> 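This structure is in structure tokens; I'll ask about it shortly.
Fair warning: this is a prediction, and the values are worked out from it, not measured in the lab. Protein chains get the first letters and strands the later ones, always in sequence-line order, with residue 1 at the start of each.
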Number of protein chains: 2
Amino acid sequence: MSNSRNTIARTEILNLIREAGEALSHADLQASLGDLCNRVTIYRVLDRLLEERLIHKIADVDGNITYAACHDCSSRHLHNHIHFRCEACQSVTCLNRVEPEFKLPRQYVVHSMNFTVSGLCPKCSGKR
Amino acid sequence: MSNSRNTIARTEILNLIREAGEALSHADLQASLGDLCNRVTIYRVLDRLLEERLIHKIADVDGNITYAACHDCSSRHLHNHIHFRCEACQSVTCLNRVEPEFKLPRQYVVHSMNFTVSGLCPKCSGKR
DNA sequence: TTTATTAATGCAACTTAGTTGCAATTAATT
DNA sequence: AATTAATTGCAACTAAGTTGCATTAATAAA
Ligand SMILES: [Mn+2]
Ligand SMILES: [Mn+2]
Ligand SMILES: [Zn+2]
Ligand SMILES: [Zn+2]
């Protein structure tokens, strides 16, 4: 892992992800950033932030990727909380409190987890 | 949902998925099928089988999609078991017995789930 | 069995997402 | 200020998935 530099793109992308109430996609970021940087740069900054464990990656059941801020990942970078994707408003949110319980057979070595539940979020289930 | 027809492509793809010990990707299927049908047909057959609830879709944390056979989905098509993706041999398997326990705040309406854990499978964790 | 209906397919073209190589830029160190 | 190497922009590229449309073929009706 080489020395990470504090560039405008990196700072801005990290801020956007940290301040967003929900997980952001590459497209979301590109829309917010306008021409602050090239789209390739966004991919590369995201990769860097992932390596640095400042953000984590979320895939919904259709393979759509979003990114959310990490909170206490310096010690263990195990994102064992549930992500909720709303089929109405398309938002993806971290439910940091909801950590599923389960037991794998011995011999399985766990490195990472991706739990995503889809349906209607509180906002959208109310409207009906 | 229109009437589904028993075509060669459909039959063969469903057999492949049912008989595979692990979840298969579009690329896996295309490799096995050779020129039995066009790659677009594979996409369309997969969509049909999903609609008919004969297979389910799995996305790992990187968004890679695979498909596995359903077992008792006529009543409830809720795939709340864990999928394990091995980072060594790349296999994706359904752990049909492992159903995580968790409790979402009220107001969340759940339609589907995608639980994927990555690491080393029993075969590959033994080798080290 | 023959005919009619329409689901399913193949093909080409297209869109979307992500990757790579390389020269130019710039943050951080000395 | 000069040095170093991380970062960026750009263009070209690969990979994955979608769409329109003419053709084929599974199924049902006659
Ligand atoms: Mn999260
Ligand atoms: Mn499964
Ligand atoms: Zn919503
Ligand atoms: Zn393995």
> For A/A27, which contact category applies under a 4.0 Å heavy-atom criterion: base, sugar-phosphate, or nothing?
nothing
> Between P on C/dA13 and CG on B/N38, what's the gap in Å once rounded to a whole number?
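Rounded to the whole Å, the gap is 14 Å.
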> Quickly work out the B/R10 CZ to D/dT24 C1' distance and round it to whole Å.
18 Å
> May I ask you to say what A/R48 touches in the nucleic acid, namely base, sugar-phosphate or nothing, with a heavy-atom cut-off under 4.0 Å?
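A/R48: backbone/sugar contact only, no base atoms under 4.0 Å.
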> What is the separation between atom CG on B/L33 and atom P on C/dG10, rounded to the nearest whole Å?
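It works out to 10 Å between those atoms.
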> Closest heavy-atom contact between B/V117 and B/I82?
CG2-CG2, 3.8 Å
> Measure the distance from CD1 on A/I65 to P on D/dA16 and round it to the nearest whole Å.
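Interatomic distance, CD1 of A/I65 to P of D/dA16: 14 Å.
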> Report the distance from atom CZ of B/R39 to atom C1' of C/dA13, rounded to the nearest whole Å.
11 Å
> What's the CG-C1' distance between A/L14 and D/dT7, to the nearest Å?
16 Å
> So which one's nearest nucleotide on DNA chain C is more toward 5', A/H26 or B/V40?
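Looking at DNA chain C, the more 5' nearest nucleotide goes with B/V40.
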> Could you give the CD1-to-P distance, from A/I13 to D/dT7, as a whole number of Å?
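Atom CD1 in A/I13 sits about 12 Å away from atom P in D/dT7.
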> Answer yes if the ring centres of A/H71 and A/H81 are under 6.0 angstrom apart, and no otherwise.
no
> Please tabulate, for side-chain N and O atoms in residues 86-93 of chain A, each donor-acceptor pair with protein atoms closer than 3.5 Å (sequence neighbours left out).
{"residue": "A/E87", "atom": "OE1", "partner": "B/H111", "partner atom": "ND1", "Å": "2.6"}
{"residue": "A/Q90", "atom": "OE1", "partner": "A/R85", "partner atom": "NH2", "Å": "2.7"}
{"residue": "A/Q90", "atom": "NE2", "partner": "A/E87", "partner atom": "O", "Å": "3.4"}

> For residues 21-33 of chain B, which residue pairs pass the side chain to side chain donor-acceptor pair (under 3.5 Å) check, not counting sequence neighbours?
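Of all non-adjacent pairs touching residues 21-33 of chain B, those that pass side chain to side chain donor-acceptor pair (under 3.5 Å) are B/S25-B/D28.
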> Using a strict threshold of under 4.0 Å (side-chain N to carboxylate O), is an ion pair present between B/R10 and B/E52?
yes
> If a protein heavy atom is under 4.0 Å from the base, mark B; if only from the sugar-phosphate, S; if neither, -; do that for nucleotides 22-30 of chain C going 5' to 3'.
----BBS--
> Going from CZ on A/R44 to CG on A/L49, what distance comes out if it is rounded to the nearest 0.5 angstrom?
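With rounding to 0.5 Å, CZ (A/R44) is 14.0 Å from CG (A/L49).
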